[in-house]
Protein chains: 2
Amino acid sequence: MALEPQTQNTPTHMRRRLVLSAGDDISRCLLCDIREHSVCNAINDKELAILAHASKSLSLPPGTTLVEEGSPATAFFNVTAGTVKLFKSLPDGRRQITGFADVGHFLGLTNSSTYSFGAETVDTVRVCRFSRAELENLLTDYPLFERRLLAEVTDELAQAQEQMLLLGRKTARERVASFLLARMVVHSTPEQGEEAIVSLPMTRVDIADYLGLTIETVSRTISALRREGLIAGTDHHGIRILALQKLQALTSGQEYS
Amino acid sequence: MALEPQTQNTPTHMRRRLVLSAGDDISRCLLCDIREHSVCNAINDKELAILAHASKSLSLPPGTTLVEEGSPATAFFNVTAGTVKLFKSLPDGRRQITGFADVGHFLGLTNSSTYSFGAETVDTVRVCRFSRAELENLLTDYPLFERRLLAEVTDELAQAQEQMLLLGRKTARERVASFLLARMVVHSTPEQGEEAIVSLPMTRVDIADYLGLTIETVSRTISALRREGLIAGTDHHGIRILALQKLQALTSGQEYS
DNA sequence: CGACCGGTTGAGCATAATCAAAACTTGTGG
DNA sequence: CCACAAGTTTTGATTATGCTCAACCGGTCG
């Protein structure tokens, strides 16, 4: 939990591990299959080479620090695979995860010259990294890029407000139900039909730090929901939703009794 | 607490009370003394007439609804005097205030076609109101305006993250101390020298809903801080900070004991 | 004056935290 | 393939922080 002060752009334990992508050339952005889900979509095909030139694609193992809390804000990231956790800490080690940045999300934006938050990979993550100068050029040269970024930050703010409601006013049960539903994805399988799945790449510690609870309370609450037949655990990192309606009611306190 | 559905742009109880400012003419923005503290600063003097034309200045009494949770997002506001509270609610009436918008703050931005939050005046408030179309024109025509707005939303997001840390991980004592210090302003008076003052235009209910506590806990905690000599109450809506250092330590749990 | 509203204070309680230990996973090496 | 170690998750017992319920205070307004 101890934060090592950082004088260079990239923490040493990260620099050691950075791996340039095989497709790290001029056509990288053109071939990128998540482009339409990110800010990069604001730049048209002809000019994608500029974008590819302005960024570097990196593959990072779980637990890599992308952003050190309080360090100089020199780099910005677009997540193209995996999940990144964003957090803030108190001097005594208490930590609040403020969000999970999944595929397509942009992170690192700040007005201050230093980051006010930390960012660390949850699983194996692929990101495109922009320097401050590169990002500022993109903002100035491509109004659509800036507009898209404004939309993304606005959306992140709305999510933050939702999370404040959760942290300030919801019970442990309501928090866990809200979390599961927010991360739910519906798969359509030929055999099973519609299947509502929640993948949890993060540990219980991360979930607890995100929901403002302890790991014990998270564990107990998930066990209770399973015992009641609302969810079924595949393994510890995957859950199947069995009673969607009831869970939805639970998120806002309409307990079915 | 019951939310009346709203079909028109402006809630009826608000429309009734809207009062056009005396200076609601072409030079209004030029004469505006808080321009430099707001997004309007991004537009140069020559073109301020356009801005004045694009917005209407309104004076609103305490308790006026500016934005109804879930209603169509048609208007946007710049606060030029007073304090506005932003909040989200649960069906059973539980409420979380996500922020207070003071002088210079812009509010109402959303990607969705409806507001995901509510906004209500705390005291007597003066705002400049923009319609959606007017705002979009400004964004497109004035890149600096958009840049400034991006900076403002980014800043609001950073504050939201700080508040998530407070709501998820701080004790009641730490929350109240953080709140007081965040709202503190330092006055330099000729007689008293430096004076650290906190003005609290909002009620205890609002403070509690902002800090994720009950009014009783807020009241008890403020009383305790006063008893310990860290603060002194002027009246219920004003507090003087006596022990800044100790309060600062308190915000992050470094209890001096 | 009495009702009302906002704030304060007190007593008892409940939810989630803490402390502790067992069960399960995962990775490593014989 | 199994044994073992380390780490993560689950479960249990107890406690504490902040909530609920309730009474009271002080100012304001009709």
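Note on naming: letters A, B, ... go to the chains in the order of the sequence lines (proteins, then strands), and numbering restarts at 1 for each one. Please read these numbers as outputs of a predicted model, since none were measured by experiment.
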Looking for any heavy atom pair under 4.0 Å, which part of the strands does [X] touch: base, sugar-phosphate only, or nothing?
X: B:Leu213; value: sugar-phosphate
X: A:Ser219; value: base
X: A:Gly212; value: sugar-phosphate

Side-chain N or O of [X] versus OP1/OP2 of [N]: is the shortest distance under 4.0 Å?
X: A:Thr171; N: C:dT15; answer: no
X: A:Thr203; N: D:dT8; answer: no
X: B:Arg175; N: D:dG18; answer: no

Can you check the [X] [atom1] to [N] [atom2] distance for me, whole Å?
X: B:Asp92; N: D:dT20; atom1: CG; atom2: P; answer: 11 Å
X: A:Arg226; N: D:dT10; atom1: CZ; atom2: C1'; answer: 9 Å
X: B:Leu211; N: D:dG18; atom1: CG; atom2: C1'; answer: 13 Å
X: B:Met202; N: C:dG6; atom1: CE; atom2: P; answer: 15 Å
X: A:Leu166; N: C:dA16; atom1: CG; atom2: P; answer: 12 Å
X: B:Arg204; N: D:dC25; atom1: CZ; atom2: C1'; answer: 14 Å

Students often mix this up, so state it plainly: with edges at 30° and 60°, are the rings of A:Phe100 and A:Phe179 parallel, tilted or perpendicular?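 A:Phe100 and A:Phe179: tilted rings.
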B:Tyr115 backbone acceptor or donor facing B:Thr110 side chain under 3.5 Å: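 It does not hold such a pair.
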Donor/acceptor link under 3.5 angstrom from A:Arg220 side chain onto base of D:dG12: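 Answer is yes: a donor-acceptor pair is held.
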Judged by each residue's nearest nucleotide on DNA chain D, which is more toward the 5′ side, A:Ser223 or A:Arg169?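 Nearer the 5' end of the strand: A:Ser223.
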Apply side chain to side chain contact (heavy atoms under 4.5 Å, CB included) to residues B:His37 and B:Val103 and explain how you reach the verdict. CA-CA 8 Å; B:His37 301 114; B:Val103 170; 5.5 Å; no
Candidate pair B:Ile34 and B:Val79, rule side chain to side chain contact (heavy atoms under 4.5 Å, CB included), full reasoning: CA-CA 9 Å; B:Ile34 66 108; B:Val79 179; over 6 Å; no
Given [options], which nucleotide is nearest the side-chain atoms of [X]?
X: B:His237; options: C:dG7, C:dA11, D:dG12; value: C:dG7
X: A:Glu216; options: C:dA17, C:dG10, C:dA20; value: C:dA20
X: A:Ile215; options: C:dT9, C:dC19, D:dT9; value: D:dT9

Polar contact flag, side-chain donor to acceptor under 3.5 angstrom, B:Glu174-B:Thr251: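 No donor-acceptor contact under 3.5 Å links the two side chains.
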